[in-house]
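The structure appears below as structure tokens.
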Protein chains: 2
Amino acid sequence: MSASPYKQLEQEFKRLHAFRGALSLLRWDAAVMMPRGSADVRGEQLAALETEHHALLTAPRITRLLDRAQANIQGLQDWQVANLREMRRQRDHAIATPVSLISRLARATSRAEVRWLEARQQGKFELFAPHLEEVVHLVRDKAALLGQALNLAPYDALVDEFSPGITTADIDAMFKGLSRRLPSLIREAIAAQESRPPAPLSGKFPAGKQRALIVEVMKQIGFPFDRGRLDESEHPFTEGVPGDIRVTTRLDPNDLFSGLLGALHETGHAMYDLGLPQDWRDQPVGRDRGMALEESQSLLMEMIICRSRSFVRYVQPLIVKHFGVGGPEWDNENVYAHLTRVRRGLIRVDADELTYPLHIMLRYELEKQLLSGALAVRDLPDAWNTGMEERLGIRPGNDSEGCLQDVHWAVGSFGYFPSYALGAVIAGQLYESLRSDVPALDEQLARGEFSGLLGWLRTHVHDLGAKVPVQDLLRGATGKPVSASAFIRYVEAKYLEAAPSEAAA
Amino acid sequence: MSASPYKQLEQEFKRLHAFRGALSLLRWDAAVMMPRGSADVRGEQLAALETEHHALLTAPRITRLLDRAQANIQGLQDWQVANLREMRRQRDHAIATPVSLISRLARATSRAEVRWLEARQQGKFELFAPHLEEVVHLVRDKAALLGQALNLAPYDALVDEFSPGITTADIDAMFKGLSRRLPSLIREAIAAQESRPPAPLSGKFPAGKQRALIVEVMKQIGFPFDRGRLDESEHPFTEGVPGDIRVTTRLDPNDLFSGLLGALHETGHAMYDLGLPQDWRDQPVGRDRGMALEESQSLLMEMIICRSRSFVRYVQPLIVKHFGVGGPEWDNENVYAHLTRVRRGLIRVDADELTYPLHIMLRYELEKQLLSGALAVRDLPDAWNTGMEERLGIRPGNDSEGCLQDVHWAVGSFGYFPSYALGAVIAGQLYESLRSDVPALDEQLARGEFSGLLGWLRTHVHDLGAKVPVQDLLRGATGKPVSASAFIRYVEAKYLEAAPSEAAA
């Protein structure tokens with residue numbers, strides 16, 4: 001009569017999925033639609049739903065059902081076994097941190113975020129320092145508890161929340177590979193580009209026309225506007241659930257490409273989420289395989305696919321159509337040169353794909369030292385500036401363009417930064433296999449055909465949801481666990497090509 | 001150390017308030033922003049949050065706390081006592097209907113709503129009849145259970161959900177008063193208007209300009225756009241909570257007034273919600289005093305204030321400014337004549353303030369007969385058509401403009417219709433006292449000054465939240481419980497004036 005423990009769990013997690021979807025919509029609305037003065041009201045709503053979600057996930061009933069389902073695991077199919085594992089993973093992460101610590105962290109980070117914003121605006125790290133200190137202490141406690149519960153080193157336990165199955169050892173090996181080649185490659189690429197600087201692309205690009213271009217490209221990629229939206233927000237993001245997915249971008253009337261590429265980055269996330277297995281849509285095993293893989297999908301789309309000569313061949317006529325631009329500066333080669341410009345800059349979010357991993361490396365080293373206590377919060381600005389000088393040869397003039405530029409630490413997101421670099425490297429690795437499996441890729445992209453790209457990603461990445469660990473997924477798709485070598489080969493080929501005119505079609 | 005039972009209840013109901021706010025946003029988004037294909041996803045989210053809201057409200061913990069707080073009631077202040085009473089009221093309503101009946105009703109009404117839409121499109125009542133039959137059966141069961149729990153007659157128990165404190169006896173007395181005068185008044189008003197028909201107001205009114213006009217008027221009334229929004233939807237509505245209130249309207253490029261007056265109707269609701277007592281914002285006693293009073297606020301704003309000569313004096317120059325219109329047909333008197341046109345029509349939502357109560361009376365009689373069994377579902381179309389002929393002298397040509405025009409019964413909303421007529425009558429009653437307390441009202445409105453109006457409403461209605469029963473609130477504000485006489489005096493003065501030119505300023 002009554003459903004099996006496993007089936008009862010599916011019902012419970014279906015409900016949790018609905019809660020997550022509601023929470024996602026509340027966040028989307030807060031960033032896109034909500035009146036400015038209503039943040040207090042929304043804060044109460046988010047807190048109430050998050051608390052309830054946590055209570056439902058950590059209820060004794062779930063533990064009992066998990067144990068009973070585990071005892072009957074031989075009766076389950078492979079997707080169900082994986083689903084049970086992911087259910088347990090979610091519960092383990094949620095239950096490891098006591099509610100009292102969660103609420104102290106919530107209060108500390110909400111104070112810290114406000115002070116971080118002030119400190120960044122005024123360039124005064126000292127306004128932020130005591131709050132960061134408090135957050136670091138609380139995150140350290142959380143990492144210790146999570147580590148004990150998950151049998152991982154504290155920092156690894158934090159990483160596991162965002163990128164399950166990835167350890168410090170994996171990250172260190174990746175960064176070692178990148179450090180060996182990127183600094184020299186950056187020098188060589190900049191030297192080559194300086195020998196043939198692109199003609200400037202100035203003009204006015206009204207928001208309405210930018211939007212029309214972006215919608216046309218997103219439709220071509222396959223974004224379903226009957227089950228998704230494109231809006232504007234201060235920073236691009238993707239929210240929602242498969243079935244109602246919402247991407248945003250920021251439209252700058254002086255810069256045609258920032259809005260377009262922001263939207264294409266988010267479309268990469270969205271196409272991943274939309275490609276997740278339909279039958280498991282409302283279950284833990286049907287979710288994405290963590291932030292490293294999420295970033296691999298957005299960076300593959302934005303950095304590799306859409307900053308390629310093939311994509312420029314497709315999109316350049318659309319730019320001409322929507323904006324009526326002309327002249328030699330709008331030729332394919334000049335547009336491509338703009339999309340692949342390498343520059344040593346201070347700001348992570350503006351960085352190109354060659355310098356970007358160095359920004360992440362610095363944050364990774366510093367956040368580990370902050371958590372271990374090897375670096376005191378008061379010494380962070382110096383350590384940051386010295387690190388930037390060592391890695392990129394430039395030094396911030398003030399902390400606003402230095403250690404105050406990112407919100408992550410203020411909101412307690414330690415262990416998140418590596419996902420960005422892992423994402424870039426995984427994107428390069430997937431791309432190498434994709435090219436070899438889909439030889440006609442360039443020609444397809446030049447015609448605005450994305451089915452070869454997405455078909456391959458569906459089979460090798462999206463369809464798997466969270467069924468297998470990310471390293472196994474990569475072994476299946478590329479024959480190897482995460483490794484920097486394919487990414488290095490990709491950027492070498494792209495940035496050290498002999499002469500642009502030969503490569504152009 | 002631990003908080004008192006009453007204080008613990010305040011915490012619980014604060015959380016429930018946050019849930020209600022989240023649910024309201026999910027509904028707003030579904031009607032205004034959501035992609036068309038995402039209704040299934042939203043349905044799951046709404047169901048999960050509603051189920052959880054119901055579970056939290058009916059949990060044994062709440063019952064225990066209510067009993068313990070009741071035992072210590074002498075230690076509470078008057079607002080707290082009223083809050084406790086409203087907490088219990090919410091819990092009593094929620095707990096009286098078993099979850100099994102709620103879910104059967106939910107399934108039956110969602111099927112019925114789909115079939116109602118089909119039936120209305122095709123004008124075929126027989127498609128809808130078996131589903132309405134099922135809904136009537138289930139609502140009859142619900143009314144019986146609610147009535148037992150609340151010690152009310154079954155239909156009164158349904159009314160109590162929407163308009164607490166109002167009984168069938170109150171409604172019958174009101175309708176008796178209206179029936180005595182309205183039919184003859186309608187004849188006289190139509191005859192008077194036919195003797196001087198207004199010049200037609202045709203033109204094109206682009207949505208953007210309509211929006212600008214509406215925003216200007218709403219700002220002038222005091223709608224806070226930093227804590228609220230105006231959007232478009234198929235039907236005007238108000239959602240959200242004080243602190244983030246969202247009104248919508250429908251903009252028709254061929255009709256300047258439908259969008260404006262739809263928005264002003266909703267602004268009436270919004271100003272009520274915004275005026276509710278700040279200190280009790282997240283508690284049951286801080287909510288509106290039911291749908292009859294809600295409708296009184298929207299109808300007072302739309303029908304009485306904004307269809308007045310004073311308001312026309314304020315808004316006519318704005319219409320000229322925004323649309324560049326001119327000519328004698330845009331004179332104050334001709335605009336006013338359009339805003340106060342009386343017509344016998346078949347459709348409730350298009351009705352003017354004289355014929356509107358007759359539409360409601362018909363529905364009220366029929367829904368009571370359906371629930372008691374005196375009227376069989378299959379006989380509804382005939383009973384409807386006969387009733388329309390008796391009351392308004394017109395007969396629907398088909399059921400789509402007859403008994404299929406409203407969604408209410410399909411979704412199980414029996415006992416709701418009287419709120420509309422009660423709202424109109426209460427609006428007239430409040431208006432009479434308002435005019436006598438604020439003698440300069442007309443001059444203020446003509447200058448676009450709404451502070452006299454809103455100040456009076458704040459003191460006599462909004463500030464009280466749900467502290468006192470609606471009849472007590474009316475006694476305090478007007479000296480009487482709900483009665484049709486003031487409304488009759490108001491419509492007589494408005495529609496039987498001797499000559500328009502004398503009354504014009």
Side-chain angles (χ1 to χ4, degrees), chain A residues 11-30 32-53 55-56 59 223-231 239-248 270 273-274 278 281-282, chain B residues 11-30 32-53 55-56 59 223-231 239-248 270 273-274 278 281-282:
Chain A
Q11 282 306 310
E12 293 286 335
F13 278 86
K14 182 177 173 180
R15 183 156 67 134
L16 289 165
H17 172 78
F19 263 77
R20 288 180 51 247
L23 279 161
S24 185
L25 183 80
L26 293 177
R27 287 191 301 266
W28 174 85
D29 182 85
V32 180
M33 295 293 163
M34 190 180 75
R36 263 177 318 157
S38 305
D40 50 350
V41 173
R42 184 55 42 82
E44 295 288 344
Q45 293 164 352
L46 286 166
L49 264 62
E50 271 160 10
T51 305
E52 199 55 28
H53 179 268
L56 291 170
F223 183 87
F225 279 94
D226 61 331
R227 280 187 164 268
R229 291 180 54 98
L230 167 72
D231 293 276
E239 280 284 3
V241 289
D244 183 0
I245 201 110
R246 303 186 177 193
V247 309
T248 73
D273 297 342
L274 289 161
Q278 288 274 345
R281 173 170 278 189
D282 54 14
Chain B
Q11 283 307 310
E12 293 287 337
F13 278 85
K14 182 178 173 181
R15 184 155 66 131
L16 289 166
H17 172 78
F19 263 77
R20 287 181 50 247
L23 278 162
S24 185
L25 184 81
L26 293 177
R27 286 191 300 265
W28 173 85
D29 183 85
V32 180
M33 295 291 163
M34 190 180 75
R36 262 177 317 158
S38 304
D40 51 350
V41 172
R42 183 56 42 82
E44 295 286 345
Q45 293 164 351
L46 285 166
L49 264 63
E50 271 160 10
T51 305
E52 198 56 28
H53 179 269
L56 291 170
F223 184 87
F225 278 96
D226 60 332
R227 280 184 165 271
R229 291 179 57 96
L230 166 72
D231 293 276
E239 280 283 3
V241 290
D244 184 0
I245 201 109
R246 305 187 176 193
V247 310
T248 72
D273 297 342
L274 290 161
Q278 288 274 344
R281 173 169 279 188
D282 54 14

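A quick note: this is a predicted structure, and the numbers were derived from the prediction, not measured. Protein chains get the first letters and strands the later ones, always in sequence-line order, with residue 1 at the start of each.
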Using non-hydrogen atoms only, which part of A:R42 is less than 4.5 Å away from chain B: side chain, backbone, both, or neither?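 When you check distances to chain B, only side chain atoms of A:R42 fall under 4.5 Å.
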The test is salt bridge (charged side-chain N to carboxylate O under 4.0 Å, His left out); show your working for B:R229 and A:D29 and say whether it passes. CA-CA 12 Å; B:R229 291 179 57 96; A:D29 182 85; over 6 Å; no
Any idea which of [options] has the most non-hydrogen atom pairs under 4.5 angstrom with chain A?
options              : answer
B:E44, B:M33, B:R15  : B:M33
B:L25, B:D231, B:V32 : B:L25
B:G243, B:S38, B:A18 : B:S38

Should B:R281 and A:D40 be marked as a salt bridge (charged side-chain N to carboxylate O under 4.0 Å, His left out) after you check the CA-CA gap, both sets of side-chain angles, and the distance that decides it? CA-CA 12 Å; B:R281 173 169 279 188; A:D40 50 350; 5.3 Å; no
Might you point out which heavy atoms bring B:F225 and A:P35 nearest each other, and give the distance in Å?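 Looking at all heavy atoms of both residues, the closest pair is O-CB, 4.0 Å.
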Heavy-atom contact with chain A under 4.5 Å, split by part of [X]:
X      : value
B:L56  : side chain
B:R20  : neither
B:P224 : neither

With heavy-atom distances below 4.5 Å as the criterion, would you say the side chains of B:V241 and A:Q45 are in contact?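 Result yes, sub-4.5 Å side-chain heavy-atom pair found.
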Highest number of heavy-atom pairs under 4.5 Å with chain B: which of A:A47, A:G21, A:A39? A:G21
Is a donor on one side and an acceptor on the other found under 3.5 Å between the side chain of B:R36 and the backbone of A:D226?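 No: the side chain of B:R36 does not pair with the backbone of A:D226.
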